[in-house]
Amino acid sequence: MHLVSILLSARIKTPPPVRSRAAINLVSWLAHKSCRSLSWSPSGTGHVSSLHSTFGPSFLCGQRPDRSESSTVSQEVLSPARVQEIHHEASRRRTFAVISHPDAGKSTLTEALALHAKVIGTAGASSGKANRKETVSDWMQMEKDRGISISSAALQFSYRDTVINLLDTPGHADFSEDTYRVLAAVDCAVMLVDAAKGLETQTMKLFEVCKQRNLPIITVINKWDRPGLDALALMDEITERTGLQPMPLTWAVGISGDFRGVWDLRNDRFARFARNNAGANIAITEYFTPEEAAEAQGNDWSNAVDEAGLVIQSNLEFNVDSFHAGTATPILFSSAALNFGVKEILDALVDFAPPAAPRPDVDGEPRSVDAPFAGFVFKVQAGMNKAHRDHVAFIRVCSGVFERGMVVTQTRTGKSFATKYAQQVFGREREVIDEAYPGDVVGLVNASSLRVGDSLFLDEPVEFPAIPLFAPEHFQVARSQDPSRFKQFRRGIEQLEHEGVIQVLRSDVRGDQAPVLAAVGPMQFEVVEDRMAHDFNAPMRLERLPYSMARISTAEAMPALANVPGAEVLLRSDGEYLALFNDVWALRRIEKNHPTLTLVPIGTHNPAK
């Protein structure tokens, strides 16, 4: 009450044009307390009318101001200067993912890019995965133990005058769903190719996903410091298997295993690299003119010039329009572990990768970047902060300005959602963020109502294409090892399903005590077991089921297939009925015996398509 008296006697006013959210909340609370204790009237004069005129009539006597009004005041009527600012900020964003086969060096390259942007002091990959220090993108204990990426990670940092949103993805095929979700949120992809192995199976699968999404691809030939394939042979493989025309931006000087440096074709100079602290620090780089390089490097330089010239003659010189159109791919050579050629990759991303652009909604209509705020959830992750056991929903900002505290609408439910706890993410490290622009990735903490694929909007309703679930091929029944910890077991299963770590299928016959876990690959079950034991203190046991195929079905199929050998119908949390089959022969037999049943392949059923 003393504080109220001081405010009233001092006649403190906030100028009408300024609506500080903190000030509104403070004075709203004071007014509410004053109305209850002092019984003063909103229609009175003096101090009360000052509050009335400054903050509006809904503000007094316990009536909270319209949060959507206070949070969107800057977006209701955008001035030309504000529109120009949004377009400028969107043009500064580069949002991309790194894709490759396992062990091609994705996390190492991610670390090296952050090192060259000077956002970390030393890189973790200093002596190979078995002995490496912890990397910023591989923060889960299983990732540290195994030296592989299990979950995608987001890093945001600045380089030159550009904001980089880098998403590191799992390379293992068992985690394809997580990678697919990330590729739905980016504008470009860096395809990492192991110099010794060329285009591997998982690399090609991810390339096909990028191609379907019309994502421009930058190709990086990594590990050139180790013995590998011939550079021209790699170019031929890229052309034949991807259909993309290679456009060299840098070319290795020295054969694979004897990496001297690169010919920087854009600047027509030779960049010579030297190790620095076994790759833990930025490589020592010296630049030479072509004449100096020819004298110092001899045949290695002339071979590099001849090889790059052949590629350019048989394909084309660098053309940014061909790159954006998805018909050509810039080529760069590197050794991410030694930090050789990494700066050139960063520069290529800044100079040529597409910025945030209008993003099509579910009907194919592009939403302008200066439209009111809109975005979608592409990932949900728990366990990043062990002290609080919170979970984070990652959203890609598609249009407008995201402002912390704004109240947005969930398209799926139509309900309002307050974005009070918004953070910028760097691996597992987080810090509060007040604003974000198209292209940015924002982490919403404790957003328990959000699901992967949810669209969020302000003012103008929009729904972005759904992010599909993959067709599972492995199925196991989960049971709690300790019946007394069933509550923790159920909560853990629900949380992991919420994150998209695993698909969970249920039926009345099996009950809640024995849900069926469905996975794209068997390693997903190991992640579930590990997290159930360590994150939820609910150890469980798994029992393998014989099924290997799944089809979208209907409720009518459940009784029809109840007693049919080799088949079972279960309900997924999104309301879809999945019919499971032992093999293709069981599926064909049931299709023949039950021709009226709905049995649709999961990919063709997908609403995103």
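Since the structure is predicted, the reported quantities are computational estimates derived from the model, not experimental observations. Sequence positions, counted from 1, serve as the residue numbers for this chain.
Interatomic distance, CD of Glu286 versus CZ of Phe270, reported as 9.5 Å (0.5 Å rounding). Considering CG of Asp194 and OG1 of Thr203, their distance stands at 9.0 Å, rounded to 0.5 Å. Atom CG of Leu155 sits about 10.0 Å away from atom CD of Gln424, to the nearest 0.5 Å. Note that CZ of Arg272 is 6.5 Å distant from CD of Gln297, once rounded to the nearest 0.5 Å. Here CE of Met204 is found 13.0 Å from NE2 of His101. Values are rounded to the nearest 0.5 Å.
Using a 4.0 Å cut-off between charged side-chain N and carboxylate O, Lys205 and Glu208 make no salt bridge. Salt bridge Arg266/Asp351: present, at least one basic N to carboxylate O contact under 4.0 Å. For Arg160 and Asp347, the salt-bridge test passes: some basic side-chain N is under 4.0 Å from an acidic carboxylate O.
In the displayed structure, Phe288 atom CZ is contacted under 6.0 Å by more than 12 heavy atoms of other residues, nucleotides or ligands.
Scanning all heavy atoms of the two residues, the minimum distance from Pro248 to Leu265 falls at O-CD2, 3.8 Å.
No side-chain heavy atom of Leu215 sits under 4.5 Å from any side-chain heavy atom of Met191. Inter-residue side-chain proximity for Phe318 and Pro330 is flagged as met; some heavy-atom pair is nearer than 4.5 Å. You'll find the side chain of Glu237 stays beyond 4.5 Å of the side chain of Val193, heavy atoms only. Side-chain contact check for Ser334 versus Phe340: every heavy-atom pair is 4.5 Å or farther apart. Counting heavy atoms from C-beta on, the side chains of Phe464 and Cys398 come closer than 4.5 Å. The shortest side-chain heavy-atom distance between Phe96 and Ile218 does not fall under the 4.5 Å cut-off.
Of the options Arg93, Arg94, Arg359, a salt bridge (Lys or Arg N to Asp or Glu O under 4.0 Å) to Asp187 is made by Arg359 and by none of the others.
Using bins of under 30°, 30° to 60° and over 60° for the plane-to-plane angle, the ring pair Phe378/Phe394 lands in the tilted bin. Between Phe259 and Phe273, the ring planes lie perpendicular to each other; the angle is over 60°, past the 30° to 60° tilted range.
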Problem - side-chain hydrogen bond (donor to acceptor under 3.5 Å, both in side chains) evaluation trace for Asn339 with Asn281 - result: CA-CA 8 Å; Asn339 289 298; Asn281 297 109; over 6 Å; no
Handout entry: Steps toward side-chain contact (heavy atoms from CB on, under 4.5 Å) verdict (Gln423, Val392)
Key = CA-CA 9 Å; Gln423 298 184 334; Val392 180; 5.5 Å; no
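Side-chain contact of Glu435 with Tyr437: a donor-acceptor pair under 3.5 Å is present, judged by distance alone.
By the salt bridge (Lys or Arg N to Asp or Glu O under 4.0 Å) test, Asp361 is found to be paired with no residue, residues two or more places apart in sequence or in another chain being considered.
In this structure, Arg269 forms a cation-pi arrangement with Tyr287, its terminal cationic atom sitting closer than 6.0 Å to the ring centre and no more than 45° off the ring axis.
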Enumerate donor-acceptor pairs with a distance under 3.5 Å from any side-chain N or O in residues 301-312 to protein atoms, sequence neighbours excluded.
{"unit_1": "Ser302", "atom_1": "OG", "unit_2": "Asn299", "atom_2": "O", "d": "3.0"}
{"unit_1": "Asn303", "atom_1": "ND2", "unit_2": "Asn299", "atom_2": "O", "d": "3.2"}
{"unit_1": "Glu307", "atom_1": "OE1", "unit_2": "Trp251", "atom_2": "NE1", "d": "3.0"}

